[in-house]
Amino acid sequence: MAFFEVKFFSDVLGMCMSMNVVAPQKTRGNIGVSEGSFGEHYPTLYLLHGMSDDHTTWMRRTSIERYAEEHGIAVVMPTTYLGWYTDMAFGFAYRTFIGEELPKICRSFFPGMSDKREDNYISGNSMGGYGTLALALTYPETFSVAAPLSAAFDPKHLHDRDKTYFTDIFGPLDEFDGSKNDLYSLAVKVKESGKPLPNIFQWCGEKDFLIEDNRRMQAHLRNLGYNITYSETDGNHSWGYWDREIQNVLRYIDNYRRGRV
């Protein structure tokens, strides 16, 4: 694999942004490294960070580069700061940036990245788990697999802690339900639209403070008829478990590519 630290300009955001990327590289004689399995065009996983983190965190807290090599997949790790992967009510259009502009930018820098829906996936932890489902439902024709980990599916709890913070991102609390940021409503709208539905792998630890949010969302998606694999095992809201579960995400993607999910 090759590792890239990329600084680039976003026309959508009107400012310079950062992302880390690992991309397949065919090598011989790199000790301790397998060659992997990939062709001229390879699949891509967009991997999102949580509230307290940035585009470097998955590289620093997990062995994502090694895992990606084993599965022959590129991984794009962008930052959106504390924008919750939304087009903010008072701020920047981060969801449009990730869902529309970033894939085009990545393919211009890395021509080997496939533009086919079946080769593009999205995952993330905590706030990034919310962003994972939000982006997969907003752009179901772009992402074929969504894998939220320990996701904060219902951000309304933020309103009690910091009203200004919530309003800047999502707008007034009384306008949240039924909006583009309400994932329960968005899942219904996508189901009724006739658009292709993302395949979903969802995990949350039994001791995670977001476990009830995750149980409610998996039941909601299942009742709507989404193809969802839900995993609830030991664990809490910490990197040791996300390092483990991102490996399960990559195995799920492998099974999806083989037509097994």
Side-chain angles (χ1 to χ4, degrees), residues 1-25 38-49 53-59 64-65 68 71-88 91-124 127-148 169 180-181 183 186 189-190 193 195-200 249-250 253 256-257:
M1 300 294 281
F3 168 60
F4 302 86
E5 297 177 288
V6 186
K7 308 291 185 180
F8 62 99
F9 187 80
S10 164
D11 286 321
V12 168
L13 301 176
M15 62 180 173
C16 289
M17 295 294 289
S18 302
M19 65 178 168
N20 283 351
V21 178
V22 292
Q25 176 190 10
F38 53 91
E40 181 180 355
H41 291 93
Y42 42 80
T44 304
L45 172 66
Y46 292 83
L47 189 54
L48 311 180
H49 64 79
D53 300 319
D54 64 10
H55 61 288
T56 69
T57 305
W58 278 98
M59 289 294 294
I64 186 62
E65 181 176 359
H71 293 268
I73 189 171
V75 181
V76 175
M77 295 160 277
T79 188
T80 63
Y81 309 107
L82 283 174
W84 275 79
Y85 305 95
T86 65
D87 288 353
M88 298 173 65
F92 297 97
Y94 287 120
R95 192 175 302 174
T96 299
F97 161 64
I98 297 285
E100 298 182 20
E101 185 181 31
L102 188 62
K104 295 176 183 177
I105 289 174
C106 287
R107 292 165 196 153
S108 70
F109 293 158
F110 306 97
M113 290 183 179
S114 172
D115 62 358
K116 296 179 180 178
R117 178 181 183 267
E118 60 265 29
D119 291 333
N120 284 273
Y121 325 110
I122 191 163
S123 184
M127 179 185 78
Y130 170 90
T132 292
L133 190 58
L135 279 150
L137 294 176
T138 304
Y139 300 99
E141 287 137 337
T142 299
F143 302 107
S144 58
V145 170
I169 297 170
K180 63 184 179 181
N181 295 317
L183 300 188
L186 190 55
K189 291 176 182 177
V190 175
S193 72
K195 295 179 180 180
L197 302 180
N199 291 269
I200 297 171
V249 169
L250 292 170
I253 290 172
Y256 165 77
R257 292 175 61 79

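Between the side chain of Arg117 and the main chain of Pro140, a donor-acceptor pair closer than 3.5 Å is present. In this structure, the side chain of His49 engages the main chain of Thr80 through a donor-acceptor pair within 3.5 Å. A donor-acceptor pair under 3.5 Å links the side-chain atoms of Ser123 to the main chain of Ala147, judged by distance alone. Arg95 places a side-chain N or O within donor-acceptor distance of the main-chain N or O of Tyr85, the cut-off being under 3.5 Å. With hydrogens and angles ignored, the 3.5 Å screen pairs no side-chain donor or acceptor of Tyr42 with any backbone N or O of Asp119. Side chain of Trp84 to main chain of Gly131: no donor-acceptor pair is present (N/O by atom type, distance under 3.5 Å, no hydrogens or angles). Between the side chain of Thr57 and the backbone N or O of Asp53, no donor-acceptor pair lies under 3.5 Å. Between the side chain of Ser193 and the main chain of Val190, a donor-acceptor pair closer than 3.5 Å is present.
Between Asn181 and Tyr130, the closest heavy-atom pair is O-OH, 2.7 Å. Here the shortest heavy-atom pairing between His41 and Pro111 reads CD2-O, 3.6 Å. Looking at every heavy atom in both residues, Pro198 comes nearest to Leu137 through CG-CD2, 4.3 Å. Summarising the geometry of Tyr94 relative to Asp87, their closest heavy-atom pair is N-OD1, 3.5 Å, with the distance given to 0.1 Å. The two residues Ala146 and Ala136 come nearest to each other via the heavy atoms CB-CB, 3.5 Å. In plain terms, the two heavy atoms of Pro78 and Met19 that are nearest each other are CA-CB, 3.8 Å.
Residues Pro24 and Met1 form a side-chain contact, since some pair of their non-hydrogen atoms from C-beta on lies under 4.5 Å apart. Side-chain atoms of Ile200 and Pro148, non-hydrogen and from C-beta on, do get closer than 4.5 Å to each other. Using a 4.5 Å cut-off on side-chain heavy atoms (C-beta onward), Tyr46 and Cys106 make contact. Side-chain contact between Asp115 and Arg107 is present, with heavy atoms from C-beta onward closer than 4.5 Å. Residues Val76 and Phe109 are not in side-chain contact: their nearest non-hydrogen atoms beyond the backbone lie 4.5 Å or more apart. Annotation: side chain of Asn120 is not in contact with side chain of Pro43 (no heavy-atom distance under 4.5 Å). Counting heavy atoms from C-beta outward, Thr56 and Met77 have side chains that stay 4.5 Å or more apart. Within the 4.5 Å cutoff, side-chain heavy atoms of Met17 are placed close to those of Tyr81.
For Phe4 and Phe110, the ring centers are positioned less than 6.0 Å apart.
Side chains of Glu101 and Ser10: a donor on one and an acceptor on the other come within 3.5 Å. A donor atom on one side chain and an acceptor atom on the other are not found under 3.5 Å apart for Thr79 and Asp54.
Residue Ile122 holds its CD1 atom at 7.0 Å from CD1 of Ile98, rounded to the nearest 0.5 Å. Atom OG1 of Thr132 sits about 10.5 Å away from atom CE of Met127, to the nearest 0.5 Å. To the nearest 0.5 Å, the span separating CG on Leu133 from CG on Leu48 amounts to 11.5 Å. Summarising the geometry, atom NZ belonging to Lys189 is positioned 11.5 Å from atom CG belonging to Leu183; distances are rounded to the nearest 0.5 Å. Atom SG in Cys16 sits 9.0 Å away from atom CZ in Phe8 (nearest 0.5 Å). Rounding to the nearest 0.5 Å places OH of Tyr121 at 10.5 Å from CG of Leu250.
Taking Thr44 as the reference, nothing meets the side-chain hydrogen bond (donor to acceptor under 3.5 Å, both in side chains) condition, with sequence neighbours excluded.
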TODO: List the steps, then state whether side chain to side chain contact (heavy atoms under 4.5 Å, CB included) holds for Glu5 with Val21.
DONE: CA-CA 7 Å; Glu5 297 177 288; Val21 178; over 6 Å; no
Open item on the list: With side chain to side chain contact (heavy atoms under 4.5 Å, CB included) as the criterion, how do Met59 and Glu65 come out once you've worked through the C-alpha distance, each side chain's angles and the decisive distance to 0.1 Å?
Closed with: CA-CA 7 Å; Met59 289 294 294; Glu65 181 176 359; 3.7 Å; yes
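The environment of NZ in Lys195 is sparse: at most 12 heavy-atom neighbours from other residues, nucleotides or ligands sit within 6.0 Å.
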